[in-house]
Amino acid sequence: MMAFSTKTFATKTFAIAAVLGAFTAPAFAQTAATPWELKPDMGYAYDKDGKTFSYRMGTSNAGELLKGAKKVPKGTLFFIGHNGQLYMRTGPYLEGDGKFKFGPDQ
């Protein structure tokens with residue numbers, strides 16, 4: 001099993017990178033939202049160079065992984081900016097009719 005250190009695998013990075021895959025497709029297409037699923041035995045990373053990785057995780061050091069971990073608040077939107085940087089934003093991202101608030105101009 002692969003050992004994880006909180007120094008090399010920041011939990012915040014884990015949470016952010018987990019959703020990165022959901023936004024690599026055309027992020028602003030005004031189509032129905034596509035649900036994505038995180039797998040419990042996998043870790044997802046967004047490294048200092050902006051690359052993404054997935055890791056198969058074990059359970060022997062799960063306690064260490066959870067030390068310093070923070071829950072991602074419900075209602076959080078992750079996206080890649082025009083500069084290639086990964087961002088997160090909490091707050092509403094849907095209009096009252098359920099359409100994506102930040103979709104393309106019509």
I need the [X] [atom1] to [Y] [atom2] distance, nearest 0.5 Å.
{"X": "Y44", "Y": "M57", "atom1": "OH", "atom2": "CE", "value": "9.5 Å"}
{"X": "F100", "Y": "L77", "atom1": "CZ", "atom2": "CG", "value": "5.0 Å"}
{"X": "Y93", "Y": "F78", "atom1": "OH", "atom2": "CZ", "value": "10.0 Å"}
{"X": "L86", "Y": "Y46", "atom1": "CG", "atom2": "OH", "value": "5.0 Å"}
{"X": "D41", "Y": "R56", "atom1": "CG", "atom2": "CZ", "value": "5.5 Å"}

- Query: Are F79 and R89 side-chain neighbours, meaning at least one heavy-atom pair lies under 4.5 Å?
  - Reply: yes

- Item | Heavy-atom neighbours of K101 NZ exceed 12 at 6.0 Å | yes

- Message: Main chain of K99, side chain of D97: is a donor-acceptor contact present, judged purely on distance under 3.5 Å?
- Response: yes

- Go through the steps to decide whether F53 and D47 satisfy the test side-chain contact (heavy atoms from CB on, under 4.5 Å), and finish with yes or no. CA-CA 8 Å; F53 298 91; D47 76 6; 3.2 Å; yes

